[in-house]
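The structure appears right after this line, and notes come after that.
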Amino acid sequence: MYYNFHDIEKKWQKYWEDNKTFKTPDDFSNPKKCYILDMFPYPSGAGLHVGHPEGYTATDIISRYKRMKGFNVLHPMGWDAFGLPAEQYAIQTGTHPAITTKENCDTFRRQIKELGLSYDWDREINTTDPKYFKWTQWIFIQLFNTWFDEDLQKGRPVSELPVPEDIIKSGEAAVREYVDSRRLAYYDNAMVWWCPDCRIVCSNEEVLFDGSHEKCGNPVEKKNLKQWMLRIPLYAERLLKGIDGLDWPEGIKEMQRNWIGRSTGAEVDFRLDGLEESLRVFTTRPDTLFGATYMVIAPEHPLTRKITTKSHRESVDNYIKAASLKSDLDRTDLAKEKTGVFTGRYAINPVNREKIPVWVADYVLTGYGTGAIMAVPAHDNRDFEFAEKFNIPVICILDPDITDPEQKKKITEGREAWTGDGRYINSADTNTGIDINGLNMEAGIARMTQWLESENLGSAKVNYKLRDWLFSRQRYWGEPFPVIHWEDGEISVMDEKDLPLELPELEKYLPGDSGESPLANAGGWLEVRDKNGRKGRRETNTMPQWAGSCWYYLRFIDPHNDRQIFDPEKEKYWMPVDIYIGGAEHAVLHLLYSRFWHKVLYDLGIVSTDEPYRKLFNQGMILAYAYENETGARIAADMVTERGGKFYHTETGTEVKQIIAKMSKSLKNVVNPDDVVLKYGADSLRLYEMFMGPLEVTKPWDEKGVKGVFNFLTRVFRFFTENANISTGSDEDPEILKKLHQTIKKVETDIENLRFNTAISAMMIFLNLATKKGKVNSETAGIFARILSPFAPHLGEELWSMFGNGESIAYQPWPEVNEEYLREEVYEYPVSFNGKLRFRIELPLSMDKEEIIEKVVSDERAKKWLETGTLTNVVVVPKRIINIVLKN
RNA sequence: GCCCGGAUGGUGGAAUUGGUAGACACGCAGGACUUAAAAUCCUGUGGGCAGUAAUGCCUGUAUGGGUUCAAGUCCCAUUCCGGGCACCA
């Protein structure tokens with residue numbers, strides 16, 4: 001019989017749709033639940049690419065498998081549909097982004113349905129749907145109305161914020177200012193990255209290290225704009241601690257830890273000679289205070305101008321101006337030379353009361369720590385480089401733990417920086433009474449911190465790299481902020497009952513070039529008046545794309561609820577997400593932001609878990625073959641032909657090299673899933689995506705591989721649809737039975753461990769045996785159809801119904817492994833001599849060690865090797881190996 | 001520079017976590033079927049040496065060393081490739 005995958009797949013897709021086979025019941029009586037989530041896509045105009053089905057197939061296999069295991073499975077899909085491309089298209093053509101978005105979603109939905117993925121389509125969500133973003137706005141209001149209680153390490157409603165007496169006395173405006181300064185969401189001037197090409201504000205994360213915009217590649221500039229910010233650093237400690245308990249890939253966890261960037265040290269106050277103020281610094285090495293020979297203050301530090309003496313004013317002003325014009329690229333370490341100027345001011349080193357110069361230099365950043373440092377050139381590479389350039393003394397105060405006398409000498413003489421451990425020298429002062437000489441680094445830091453605290457000169461301090469999250473964009477196609485700016489300066493959020501605030505219709509979507517959002521042209525939409533006649537203007541910024549994706553997993557739980565964000569009972573049942581699969585490109589930002597929002601919602605009692613995603617898995621990227629000539633120039637794939645395993649340019653005939661590269665339009669090596677489905681069917685596409693290799697690795701697409709799995713499915717179909725191959729009796733070949741149960745077991749553990757490639761290989765091995773034997777009984781056939789069905793669901797259903805079963809295979813119980821069939825009596829031992837395999841011998845597993853040795857040593861084949869030396873030992877590992885150790 | 005991964009046949013990849021390296025698949029070669037081709041099926045396939053042959057031996061998991069009865073797997077050093085971070089004091 002001919003494997004007509006096209007008809008089979010259409011038939012079952014229709015069946016699943018008509019019968020709503022995968023609709024998830026709101027029935028919480030089943031204690032076994034599993035929430036299996038994909039990172040929902042941005043529906044681009046280009047349609048699905050083959051990277052999408054990789055993760056989707058993986059979650060689909062798990063979902064189908066879990067259903068067969070009796071779990072109540074939540075497996076939804078939706079669209080992260082706000083974003084630039086639709087808006088860019090609107091600017092060019094005048095088409096409303098909602099129209100483009102709808103078209104793209106329709107394409108994506110059609111393509112996904114053609115892959116036979118078992119989503120509950122009744123739960124489909126779209127971030128651009130006002131019914132959805134109503135709740136995104138609602139969460140923003142919660143953030144606005146929350147402050148972080150440092151003592152309890154917990155977010156709390158601002159209504160519970162204790163306001164100091166003196167502030168209450170100063171009047172309403174002061175109270176408002178005080179409260180606003182503690183909200184998790186706040187509105188403030190911020191130096192932000194501005195992309196003149198996209199006319200959009202970018203977050204730090206969207207600016208590449210070379211100073212270009214991640215989205216368009218053009219250079220970005222700095223601009224000072226009023227922006228919405230979220231105080232994510234307040235949750236830094238919670239976000240960091242939470243990582244430990246997560247079943248996530250270690251690499252991703254490490255990336256999040258690095259991003260949060262916790263570092264412990266101390267803040268120390270340095271008195272400034274001739275001024276009232278002192279200069280506070282953060283250091284991770286308070287132990288090196290005796291080596292501090294100068295200080296550095298960042299150009300943007302509020303004290304910089306103030307501490308500068310008259311004679312140095314001009315040079316410092318010039319320096320500050322120059323620094324402000326520099327891009328961040330120029331300020332990073334890629335710019336070879338460090339720069340800086342002396343302020344003319346001296347500070348007093350608290351440990352020995354010596355005067356040290358204060359410099360201004362842009363290698364110190366305003367945003368981190370206190371924006372000023374004490375510089376210890378002997379024990380910090382950056383300070384060393386700076387001191388060398390400006391001839392500042394380098395005083396070694398730590399005798400390094402190294403043996404190389406040459407290097408040791410260099411370090412102690414201040415000709416090289418040493419950042420490792422050692423014993424302190426020159427680190428005592430009789431006037432101030434501190435002495436850490438002879439201690440090692442750990443003890444030195446502890447002693448010095450203690451001393452600073454006791455003398456009131458400083459205190460232990462923890463700092464994080466994580467910065468406030470810039471949460472607004474000057475775009476049209478995003479969630480409007482439910483915010484009103486009143487004429488008297490008050491900023492308020494809308495009443496929850498008035499949500500959603502929908503986007504106004506506009507004639508032009510082009511943003512202004514001064515950093516204004518297109519919404520600034522929205523006319524009447526902008527104007528608001530309260531019941532007392534006070535005038536207000538709506539916020540014209542919109543939220544970034546992260547907003548909608550930060551919490552979508554919660555809405556899937558109860559997507560049509562218009563009274564609540566979700567029903568708390570349902571949330572309690574389904575959360576947390578049991579497995580979350582998607583690309584590693586979201587390792588830091590999406591996952592960190594999402595965890596942050598979740599923790600706030602947890603603190604407010606809205607969600608029941610502290611973390612949203614229990615297990616995370618990243619699928620690897622799918623690459624494609626590409627070609628280059630001997631000069632390294634890339635050749636488009638349609639210009640290359642293959643002959644005898646070599647590749648040639650179709651026009652010039654010269655040989656070209658096959659390489660592996662990302663799929664791109666210019667290389668003409670983009671694989672469209674629609675084409676694959678048309679040619680080989682959805683089941684083949686699914687199977688190939690899983691068979692290519694481990695889910696997490698980057699791997700190249702090869703159409704020949706698709707043919708391989710297509711062959712397998714064809715052979716499955718032909719074997720099981722041939723009546724002569726299926727016996728009706730209950731007798732089964734013991735070899736078939738054993739292999740069958742091995743296969744069930746292998747497929748089961750492989751699915752649990754997301755090793756789909758080897759699960760498929762196990763099924764291939766089974767089919768090879770069945771084909772060889774030429775016959776299996778109907779029970780075996782039914783079992784095979786069931787274990788195949790999560791991978792190739794259309795074929796699974798087809799076989800199942802052909803075997804005369806009425807209902808869908810989707811909820812049939814997963815076959816039980818019968819250990820009885822797996823038991824083995826004998827084992828073919830490999831026998832090696834001094835670790836080299838020489839022959840094999842079949843022995844009963846019940847045989848004890850002595851007998852085994854005797855049997856092996858007396859074997860005819862062993863003679864030859866035993867003569868080569870004297871027997872000293874025989875290692876017998878039951879069910880593994882026998883190794884005979886000989887000595888000469 | 002720092003932090004994570006990784007390197008196994010012609011190719012994608014297996015290897016029970018220290019115990020038969022190369023499962024499964026692709027490709028290739030030979031054969032069957034066919035007027036022929038495609039499709040399909042069967043056989044072989046890491047490299048080398050010897051043999052008509054069954055087979056036997058040597059060698060082999062990026063490189064060099066080490067631990068062990070035994071190393072693709074563990075340890076040390078090196079090279080290359082991928083990802084992330086980047087003056088965070």
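Naming convention: chains lettered A, B, ... in sequence-line order (proteins, then strands); numbering from 1 in each chain. Since this is a predicted model, take the numbers as computed values, not measurements.
- For A/Thr758, taking side-chain heavy atoms from C-beta onward, the closest of the listed nucleotides B/rA15, B/rA25, B/rG13 is B/rA15.
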Give each protein N/O atom lying under 3.5 Å from an N/O atom of nucleotides 40-49 of chain B, with the pair distance.
from, atom 1, to, atom 2, distance (Å)
B/rU40, OP1, A/Asn711, OD1, 2.8
B/rU40, O3', A/Arg718, NH2, 3.1

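- When all heavy atoms are compared, the tightest approach of A/Pro233 to A/Leu466 is CG-O, 3.4 Å.
- Atom CG in A/Asn757 sits about 9 Å away from atom P in B/rG13, given to the nearest Å.
- Taking atom P on both nucleotides, B/rC75 is separated from B/rC4 by 13 Å, rounded to a whole Å.
- Listed by chain and number, the residues in a side chain to side chain contact (heavy atoms under 4.5 Å, CB included) with A/Pro249 are A/Ile252, A/Leu616, A/Asn618 (sequence neighbours excluded).
- Qualifying side chain to side chain contact (heavy atoms under 4.5 Å, CB included) partners for A/Asp244, counting only residues two or more places apart in sequence or in other chains: A/Arg257.
- Considering only the side chain of A/Lys864, B/rC57 comes nearest among B/rC24, B/rA89, B/rC57.
- In this structure A/Ser459 satisfies the side chain to side chain contact (heavy atoms under 4.5 Å, CB included) test together with A/Glu453, sequence neighbours excluded.
- Distances shown here put a side-chain N or O of A/Asn768 below 4.0 Å from the OP1 or OP2 atom of B/rA25.
- OP1 or OP2 of B/rA89 has at least one side-chain nitrogen or oxygen of A/Ser263 nearer than 4.0 Å.
- For the side chain to side chain donor-acceptor pair (under 3.5 Å) test, no residue two or more places apart in sequence or in another chain qualifies with A/Lys775.
- Residues passing the side chain to side chain donor-acceptor pair (under 3.5 Å) test with A/Tyr688: none are found, sequence neighbours excluded.
- With sequence neighbours left out, the side chain to side chain donor-acceptor pair (under 3.5 Å) criterion links A/Arg715 to A/Asn768.
- The gap from the C1' atom of B/rA71 to that of B/rG64 amounts to 16 Å, rounded to the nearest Å.
- For the residue pair A/Asp383 / A/Tyr363, a side-chain donor-acceptor distance below 3.5 Å is found, with atom types taken as modelled.
- In this structure A/Glu748 satisfies the side chain to side chain donor-acceptor pair (under 3.5 Å) test together with A/Lys69, A/Trp814, sequence neighbours excluded.
- Distance noted for atom C1' between B/rA7 and B/rG22: 16 Å (whole Å).
- Side-chain proximity of A/Lys699 to the nucleotides B/rG84, B/rG12, B/rC3 is greatest for B/rG12.
- B/rC80 and B/rU63: their P atoms are spaced 15 Å apart (whole Å).
- Listed by first residue number, the stems of RNA chain B with at least three Watson-Crick or G-U pairs below 3.5 Å are B:1-7 with B:79-85, B:10-12 with B:24-26, B:27-32 with B:40-45, B:46-50 with B:55-59, B:62-66 with B:74-78.
- Taking the side chain of A/Val885 as heavy atoms from C-beta on, and the options B/rC69, B/rA14, B/rA89, the nearest nucleotide is B/rC69.
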Steps toward side chain to side chain donor-acceptor pair (under 3.5 Å) verdict (A/Tyr368, A/Ser263): CA-CA 11 Å; A/Tyr368 185 77; A/Ser263 72; 2.9 Å; yes

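- Residues from residues 873-883 of chain A lying near RNA chain B, meaning a heavy-atom separation below 4.0 Å, are A/Val875, A/Val877, A/Arg880, A/Ile881, A/Asn883 in numerical order.
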Give every pair of a protein N or O atom and an N or O atom of nucleotides 58-60 of chain B that lie under 3.5 Å apart, one pair per line with the distance.
from, atom 1, to, atom 2, distance (Å)
B/rC58, OP1, A/Arg838, NH2, 3.4
B/rC58, OP2, A/Arg838, NH1, 2.8
B/rU59, OP2, A/Lys836, NZ, 3.2

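- For the P atoms, the distance from B/rA29 to B/rA37 is 14 Å, rounded to whole Å.
- Residues meeting the side chain to side chain contact (heavy atoms under 4.5 Å, CB included) test with A/Phe390, sequence neighbours left out: A/Trp359, A/Phe386, A/Ile392.
- Annotation: B/rA23 and B/rG46 have their C1' atoms spaced 14 Å apart (nearest Å).
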